[in-house]
Amino acid sequence: MPQSRKIIIDTDPGQDDAVAILLALGSSELEVVGITAVAGNVPLKLTEKNARKICELAGRPDVKVFAGAIRPLARELVTAEEVHGKTGLNGPQLPEPTMPLQQQHAVDFIVETLMREEAGTITLCPLGPLTNIALALIREPRIAPRIKEIVLMGGGFFEGGNVTPAAEFNIYVDPQAADVVFKSGIPIVMMPLDVTHKALTTAKRTKAFRDLGTRVGIATAEMLEFFERFDEEKYGTDGGPLHDPCVIAYLLKPELFKGRRCNVSVETSSELTMGMTVIDWWGVTKREKNAMVMRDIDHDAFFALLVERLGRL
C-alpha cells in the first residue's frame with residue numbers, strides 16, 4: 001500500500017469544516033498529523049472544542065487538537081454565527097468532548113512539526129482564516145520551503161464575495177494573514193467560491209448521509225440541514241455550498257477539479273474591497289503565478305466520495 005500523505009488541518013469548525021475533517025479521518029490515504037484551531041466562524045474557545053467533538057464523533061480521540069490564534073493579525077475578529085449557529089456546529093446534539101486539548105500552541109506545533117519532519121512531506125490544509133499559518137511563517141521563515149503544498153479554501157473571483165461584495169469570509173477575516181501566505185512562495189492550491197458554489201448539498205444528497213444510518217451519517221445530515229438554510233435563503237438554491245470538504249477531496253481525487261495557475265493578490269488597504277482575492281485569471285499582468293485556482297468540480301463524484309468515506313467511520 002502506498003504511504004499515506006501527512007496533513008495538518010487548520011480549521012474553525014463550522015459544519016462544512018466538520019465534514020472536511022470527517023472526510024480526512026475516513027480516508028486511509030491521509031494521515032492527520034494534527035488539527036489546529038483558529039478563531040473564525042466562531043471564537044477560538046468554540047472552534048477548538050468543535051474540532052475535538054468531530055474527532056470523537058469519528059471515533060478518533062487519538063488525533064491531537066491544538067488551539068491557535070484568538071484573533072486576526074491586525075483587525076478585530078469577525079465571526080459567522082448567523083450561518084453556523086451560536087456553537088458553530090448547530091444541528092446535531094454532540095456531547096462535550098472528553099479528549100484533551102493539547103497544551104502546546106498551534107503555531108508552535110506547526111513550526112516544530114515542519115522543522116522535524118522530512119522536508120516536502122507535510123501538506124497544510126487551511127479551512128478557515130489563515131492567521132495560524134501566517135504566524136508560523138512569520139515566526140520561522142525556514143518552514144516555507146519545507147511545506148509540500150498548501151491546499152486552502154478561500155477567496156472568490158467570478159462569484160465575488162460572500163461576506164462583502166468583494167470578499168469571501170476566510171480571507172476577509174484576516175486579509176493580512178492571507179497576504180503573507182500568498183506571498184510566501186509555497187505551492188498553493190486554492191478552492192474559491194467559484195468552485196465551492198458548485199458543490200451544493202441538495203435534499204437528495206443530504207438524505208444519502210442520513211441513509212448511512214450511522215452516528216456520523218445522521219449527525220452530518222443534521223449539520224447540513226442547519227447549515228444550508230442560510231445559503232438557500234441567500235442564493236435561492238436547493239441546498240448550500242459545501243466549501244471546506246473540497247480541500248480534502250482534492251488531496252484524494254484531484255481529477256474531480258479543474259482550474260488554472262494564476263497570480264492571486266490580496267487586498268489589504270481598501271475598506272471597500274478589503275480581503276478581495278484579485279485573481280489574474282486572464283494573465284493580464286506580469287505578476288508571477290503563485291496559485292492553482294480551481295473553478296470547476298465534478299459535483300456528483302464529489303458527493304459520492306463524501307458518502308463513501310463518511311460511511312467508513
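We use all heavy atoms of the structure for the numbers below, so side chains are in, but hydrogens, waters and symmetry mates are not.
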- For atom NZ of Lys148, is the number of surrounding heavy atoms from other residues, nucleotides or ligands below 6.0 Å larger than 12?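 No, NZ of Lys148 has 12 or fewer neighbouring heavy atoms, counting only those of other groups under 6.0 Å.
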- Any chance CD of Glu288 has more than 12 other-residue heavy atoms, nucleotides or ligands included, within less than 6.0 Å?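 Not more than 12 within 6.0 Å, no.
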Of the non-hydrogen atoms in [X] and [Y], which two are nearest, and what is the gap between them?
| X | Y | answer |
| --- | --- | --- |
| Val264 | Asn290 | N-OD1, 2.7 Å |
| Asp194 | Phe158 | OD1-N, 2.9 Å |
| Ile143 | Met115 | CG2-SD, 3.8 Å |
| Val181 | Ile188 | O-CD1, 3.6 Å |
| Leu73 | Ala134 | CD1-CB, 4.2 Å |
| Gly156 | Met190 | N-CE, 4.3 Å |

For residues [X] and [Y]: do they belong to one hydrophobic cluster (side chain heavy atoms under 4.5 Å, members Ile, Leu, Val, Met, Phe, Trp, Tyr)?
| X | Y | answer |
| --- | --- | --- |
| Phe303 | Tyr250 | yes |
| Ile297 | Val19 | yes |
| Leu130 | Val266 | yes |
| Trp281 | Leu193 | no |
| Val247 | Ile21 | yes |

- Query: When Thr214 is tested against each of Val216, Asp211, Ile218 for side chain to side chain contact (heavy atoms under 4.5 Å, CB included), which residue passes?
  - Reply: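 Among Val216, Asp211, Ile218, the one meeting side chain to side chain contact (heavy atoms under 4.5 Å, CB included) with Thr214 is Val216.
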[atom1] of [X] to [atom2] of [Y]: how many Å apart, nearest 0.5 Å?
| X | Y | atom1 | atom2 | value |
| --- | --- | --- | --- | --- |
| Ser27 | Leu305 | OG | CG | 6.5 Å |
| Leu242 | His197 | CG | NE2 | 11.5 Å |
| Lys6 | Glu31 | NZ | CD | 5.0 Å |
| Thr113 | Lys64 | OG1 | NZ | 9.0 Å |
| Asn170 | Asp244 | CG | CG | 6.5 Å |
| Ile110 | Glu112 | CD1 | CD | 11.5 Å |

- Query: Does a side chain donor of either Asn90 or Thr87 reach within less than 3.5 Å of an acceptor in the other side chain?
  - Reply: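 The criterion, which ignores hydrogens and geometry beyond distance, is satisfied for Thr87 and Asn90.
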- Could you verify whether a donor N or O on one side chain and an acceptor N or O on the other, from Thr268 and Asp179, lie under 3.5 Å apart?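 Side chains of Thr268 and Asp179: no pair found under 3.5 Å.
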- Message: Applying side chain to side chain contact (heavy atoms under 4.5 Å, CB included) to Phe109 and Gln102, what does each step give before you reach the verdict?
- Response: CA-CA 10 Å; Phe109 166 74; Gln102 300 299 308; over 6 Å; no
Less than 4.5 Å apart, side chain to side chain, heavy atoms only: is that true for [X] and [Y]?
| X | Y | answer |
| --- | --- | --- |
| Phe169 | Val173 | yes |
| Glu222 | Gln93 | no |
| Leu89 | Met223 | yes |
| Leu22 | Ile54 | yes |
| Glu168 | His243 | no |
| Ile248 | Leu30 | yes |
| Ile35 | Ile8 | no |
| Pro187 | Ile150 | no |

- Message: Given the ring of Tyr172, does Arg75 sit roughly above its face, with NZ or CZ under 6.0 Å from the centre of the six-membered ring and within 45° of the axis?
- Response: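 Yes, Arg75 lies over the aromatic ring of Tyr172.
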Tell me whether [X] contacts the main-chain N or O of [Y] through its side chain, where contact means a donor paired with an acceptor under 3.5 Å.
| X | Y | value |
| --- | --- | --- |
| Thr79 | Glu81 | no |
| Glu267 | Ser269 | yes |
| Glu56 | Met99 | yes |
| Thr123 | Ile7 | no |
| Ser270 | Leu272 | yes |
| Asn41 | Asp12 | yes |
| Asn263 | Asp280 | no |
| Thr11 | Ala37 | no |

[X]: what forms a side-chain contact (heavy atoms from CB on, under 4.5 Å) with it, not counting sequence neighbours?
| X | value |
| --- | --- |
| Ala106 | Thr36, Phe66, Asn132 |
| Asp108 | Gln104, His105, Arg139 |
| Leu101 | Glu48, Arg52, Val65, Ala67 |

- Message: My understanding is that only residues two or more places apart in sequence, or in another chain, count here; which of them pass salt bridge (Lys or Arg N to Asp or Glu O under 4.0 Å) with Glu149?
- Response: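 Per chain and number, Glu149 pairs via salt bridge (Lys or Arg N to Asp or Glu O under 4.0 Å) with Arg5.
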- Show your working on side chain to side chain contact (heavy atoms under 4.5 Å, CB included) between Leu200 and His299 and close with a plain yes or no. CA-CA 8 Å; Leu200 295 176; His299 47 83; over 6 Å; no
- Task: Kindly determine whether Val189 and Met294 satisfy side chain to side chain contact (heavy atoms under 4.5 Å, CB included), including the steps that lead there.
- Result: CA-CA 8 Å; Val189 177; Met294 295 304 178; 4.0 Å; yes
Pairing of [X] and [Y] as salt bridge, 4.0 angstrom limit:
| X | Y | result |
| --- | --- | --- |
| Arg142 | Glu140 | yes |
| Lys253 | Glu29 | no |
| Asp300 | Arg205 | yes |
| Glu118 | Arg146 | no |

- Evaluate the side chain to side chain contact (heavy atoms under 4.5 Å, CB included) criterion for residues Cys262 and Lys289: first the C-alpha distance (whole Å), next the side-chain angles of each, then the deciding distance (0.1 Å), finally the verdict. CA-CA 5 Å; Cys262 304; Lys289 294 173 181 177; 5.5 Å; no
- Message: Listing request: all ring-ring contact (aromatic ring centres under 6.0 Å, His included) pairs with a residue in residues 45-65, at least two apart in sequence or in separate chains.
- Response: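 Matches after skipping sequence neighbours: none remain.
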- Task: List, by chain and then residue number, the residues other than Leu44 in its hydrophobic cluster (Ile/Leu/Val/Met/Phe/Trp/Tyr, side-chain heavy atoms under 4.5 Å); write none if there are no others.
- Result: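 For the cluster that includes Leu44, the remaining residues are Ile70.
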